[in-house]
Structures are given as structure tokens and as C-alpha cells.
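Please read all numbers here as calculations on a predicted model, not as lab measurements. By convention here, the first residue in the shown sequence is residue 1.
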Amino acid sequence: MLTLEDYLEQDARLYPDKTAIVCGAETCSYYELYRQARARSRDFSDRKGRIVAFRATPTIGFIADYLAIHMAGAIAAPMERDMPQHLFDEMAEKTAAESVPEGTADVLFTTGTTGHSKGVVISHRTIVANAGNLIAGQGFSHDLTFIINGPLNHIGSLSKVYPVIVVGATLCIIDGMRDINVFFRCLDGVAKAATFFVPATLRILLHFAAEELAKHAEKIDFIECGGAPLPHADMLELCRLLPKTRHYNTYASTETGIISTYNFNDGLCMAGCLGKPMPHSRLMITPEGTIACQGDTLMSGYLGDPELTASVLRDETVYMADMGHIDEEGRLHIDGRADDVINVGGYKVAPTEVEDQAMTFTAVRDCICTAVPHPITGQALKLLVVMAEGQRLEKRLLALHLKQRLETYKVPQLYEQVTAIERTYNGKLNRKFYKQL
């Protein structure tokens with residue numbers, strides 16, 4: 001089996017002068033990237049078989065170090081770049097003492113909204129399988145420039161490094177989307193580009209730079225969205241602005257890898273659809289209605305926690321908490337998370353369905369549907385809403401809007417205008433925050 005580093009060596013041999021990475025004013029060819037990684041691997045030669053913690057900075061140096069650690073036979077553990085030094089030192093010491101299975105490439109730490117940090121063990125086989133899925137499912141090609149704008153210690157952005165190297169494409173790394181103009185400058189002089197957004201970042205772009213985005217319609221080959229459900233209103237707007245671009249909703253997680261994807265610019269634009277499994281993955285729905293995944297993209301387990309591993313990984317299958325169903329065409333549709341469903345007097349409500357329809361109300365910029373105690377039904381629905389600048393929430397108008405689109409029991413009884421909605425680091429609604437209130 002070829003590893004990611006084998007593909008890098010192949011790139012350096014076949015097209016040494018091709019630009020591998022662009023990062024601000026700095027560029028690096030495939031030959032130079034391979035040379036740097038090979039040279040740096042000597043610094044990790046005494047760490048073979050051990051976990052190496054290092055900060056995930058949006059730089060060429062980070063990519064070189066990531067590859068170099070693998071070349072040295074060590075395991076890469078990219079950490080949040082702004083982690084306080086004492087926490088970084090604690091994590092580095094803790095991980096260095098842990099053992100991992102042979103063939104392990106990475107340990108990726110995923111922090112849920114409870115704050116409990118889990119180290120997900122990823123193999124070299126998984127990395128290459130993820131690359132293969134993305135190439136087959138989304139059409140990564142040699143002439144593509146892929147723009148990474150998210151943190152490289154998480155699967156959403158880090159996984160895009162894999163197919164870029166496998167096909168010998170170009171990676172453009174930017175430091176987030178705080179300055180939207182930097183993103184658009186990446187498109188200057190590029191004939192064919194693609195990128196990945198979490199829904200919260202895409203929403204910023206749609207509201208503050210829609211016209212500028214439309215100007216680049218001819219060169220944007222595809223956009224992938226993931227990490228959280230994308231509001232249907234945003235899906236429709238993206239298709240309107242970029243009618244020739246492929247727009248993907250993807251089902252993926254650190255534990256499962258990249259599983260399925262759906263180009264919603266297909267004339268149907270189905271909300272909640274996440275497409276068919278890609279070549280190295282399989283999907284099933286359990287009797288409880290939750291999603292289970294199989295294939296080469298799965299994690300090996302949780303670092304140092306066999307009990308937690310056994311709770312989700314059994315018989316080469318990862319069992320997720322996401323509810324879903326598979327349609328007659330074999331496409332996965334997500335129906336929310338099992339632990340997020342709200343019971344209103346015996347009726348089960350997926351809050352995502354309420355939120356999706358609320359986002360179609362013109363003046364709503366963000367929202368979350370939560371549960372509050374009710375003396376008769378046990379729980380009632382409450383909608384927290386962020387309105388557009390200068391707009392005030394008209395509760396009756398929003399309720400009427402929802403009544404036209406939802407069953408009666410799914411229409412919230414309570415409404416509150418707020419200034420912001422709590423989200424996790426990757427843009428997901430922080431539901432556990434509101435459950436604790």
C-alpha cells in the first residue's frame with residue numbers, strides 16, 4: 001500500500017517544479033516540499049513508533065513537519081495552534097506515553113461540547129482511503145487549487161491535504177476567514193479552484209461578499225460543506241450565485257473518515273441529503289434508526305481508552321449517534337442526532353427541521369431550537385433567533401411563517417431574540433450549552 005508520503009515522493013519525481021503549496025507570499029514546489037520533509041524527518045528519527053505533538057499552524061512548515069513525522073515512522077498529533085503552553089505540554093507528555101497499533105499515522109483530538117478531549121487514532125491506510133473517496137466523490141484533479149481556510153488539526157481541513165498530494169494538485173493555505181479579501185486574492189490567477197466551508201463561515205460569505213463570490217463563478221469548480229447541517233436557504237442561494245459549480249454536502253467525522261457526499265446543485269437541492277457512500281465506505285441504518293459506517297476510512301480507536309472505543313467501534317463498524325435513513329436511490333439523509341430529538345407530548349421533533357425552516361424567514365440570520373419544561377407536554381419548543389442588523393423579531397410573523405411549513409406540533413411556542421448563538425469551534429450549534437441552562 002502506498003502512503004501519503006509515497007505519493008509526495010512520486011509528485012516530486014514527476015512534476016518537481018509544480019507549485020505544491022501557496023501560503024501568502026510564500027510558495028513551495030513539490031520537489032522543495034519533499035526535500036524539506038525528508039530533511040526534517042531526521043529531527044524525528046528518535047521518535048519512531050511514538051506520538052509527536054506539534055502545533056497546527058497555517059503554514060508550509062506545518063505541512064512539511066506533518067509529512068516528516070510520518071517519514072520518520074512516528075505518529076503526528078497536531079494540536080490547536082493557540083493552545084496555552086502548559087496545556088500543550090501536558091497533552092504532549094500524556095500522548096507520548098501512550099502506545100498505538102502498528103500502521104498508525106495520526107492522533108487527532110476532537111473536543112466535544114462537554115469539553116472532554118478524545119484522541120482519535122488514524123492509520124496510514126485510512127488517510128489514503130479518505131483521499132481516494134474525495135478524489136472519486138468530488139473530482140480532485142491535478143490542475144486544481146484547493147483553498148484551506150480552517151484549522152489543520154481537524155479532519156475537515158486536514159483531510160483535503162490528502163487528495164491534493166495524491167493527485168499532485170496545489171494547496172493554498174489561508175489563516176481563517178477573518179479577512180474575506182484574502183480568500184478572494186487566492187482566486188486571482190487561478191483557473192480552477194475549490195474549497196471547504198463549515199456552514200457558519202459560508203453564511204458570513206453569503207451575507208457580506210455574495211456579489212464578489214459570484215464574480216468568480218467560472219473558476220470555482222466545487223465547494224464542500226460539512227461539520228454541521230447547511231440551512232436549505234443557504235444551499236439555494238449558493239446554487240443561485242454559482243450555478244455551474246458543484247456544491248457538496250458531506251457526511252464525515254474524525255471517527256468515520258469521509259463517508260458520503262452529495263452535489264446539491266443537481267436541480268433537486270435536497271436538504272439533509274448527504275449522498276451515496278464513496279468507494280472505500282459503506283453505510284447502514286441500525287434498527288434504532290442511527291447511522292453506522294464501515295470501510296477503510298474508519299478510525300482504529302480512541303487513544304488509551306478501550307472502553308470508549310468499544311462503545312462505538314464494534315465488528316469493524318462505527319456506530320454514530322446521528323439519526324438517518326437511506327432513500328430508494330441509496331442516498332443517505334440525516335434526521336438529526338438521537339440525543340438532540342425533543343419529545344413534545346409524545347411527538348418527536350428534530351430541532352434541525354425547525355431551524356432549517358426558520359432560516360428561510362428573510363430577516364433571520366441564525367437560530368437554534370431548544371427544549372424548555374412544560375407542565376402538560378413535558379417539553380415545549382423555544383426558538384432563539386439572531387435577526388439581521390436593524391431588524392426586530394416579530395414573533396407572530398415568524399410563527400405564521402413556520403405554520404405554513406411545519407406540522408403544528410413542530411412550531412415553537414416560545415421565541416426570543418438574542419445577539420448570538422453559541423457554536424462549537426467548527427461552527428456546529430452548541431446544543432449541550434443550551435441543555436445546561
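A donor atom on one side chain and an acceptor atom on the other are found under 3.5 Å apart for Ser141 and Asp143. Side chain to side chain, Thr297 and Asn133 fail the donor-acceptor criterion of an N or O pair below 3.5 Å. Side-chain N/O atoms of Asp6 and Gln10 include no donor and acceptor closer than 3.5 Å. Glu307 and Tyr302 form no side-chain donor-acceptor contact under 3.5 Å, judged by distance and modelled atom types alone. For the residue pair His280/Asn130, the side-chain donor-acceptor check at 3.5 Å is not satisfied. Using a 3.5 Å distance cut-off with no hydrogens or angles, the side chains of Glu288 and Thr290 do not pair a donor with an acceptor. In the model, Gln138 has a side-chain atom that pairs as donor or acceptor with a side-chain atom of Thr261 under 3.5 Å. Inspection of the Asn149 and Thr195 side chains reveals an N or O donor paired with an N or O acceptor under 3.5 Å.
Every residue two or more places apart in sequence or in another chain was checked for a ring pair (Phe, Tyr, Trp, His ring centres under 6.0 Å) with Tyr262, and none qualifies. Under the side-chain hydrogen bond (donor to acceptor under 3.5 Å, both in side chains) criterion, Thr309 pairs with no residue, sequence neighbours left out. Shown here are the ring pair (Phe, Tyr, Trp, His ring centres under 6.0 Å) partners of Phe140, two or more places apart in sequence or in another chain: Phe146, Phe222.
Taking a cutoff of 4.0 Å between a charged side-chain nitrogen and a carboxylate oxygen, Asp340 and Lys435 qualify as a salt bridge. Using a cutoff of 4.0 Å between basic side-chain nitrogens and carboxylate oxygens, Lys18 and Asp11 are not scored as salt-bridged.
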- Given salt bridge (Lys or Arg N to Asp or Glu O under 4.0 Å), test Arg81 with Asp175 step by step and report yes or no. CA-CA 11 Å; Arg81 64 168 180 165; Asp175 189 5; 2.7 Å; yes
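A donor-acceptor pair under 3.5 Å is formed between the side chain of Thr126 and the backbone N or O of Asp296. Using a distance-only test at 3.5 Å, with no hydrogens or angles considered, a donor-acceptor pair links the side chain of Thr170 to the main chain of Thr19.
Relative orientation of the Tyr30 and Tyr15 rings is perpendicular, given thresholds of 30° and 60° on the angle between their planes.
By the 6.0 Å contact criterion, CG on Asp315 is open, its count of non-hydrogen atoms from other residues, nucleotides or ligands being 12 or less.
Between Arg203 and Val364, the shortest heavy-atom contact is NH1-O, 3.8 Å.
Annotation: side chain of Arg185 is in contact with side chain of Asp188 (closest heavy-atom distance under 4.5 Å).
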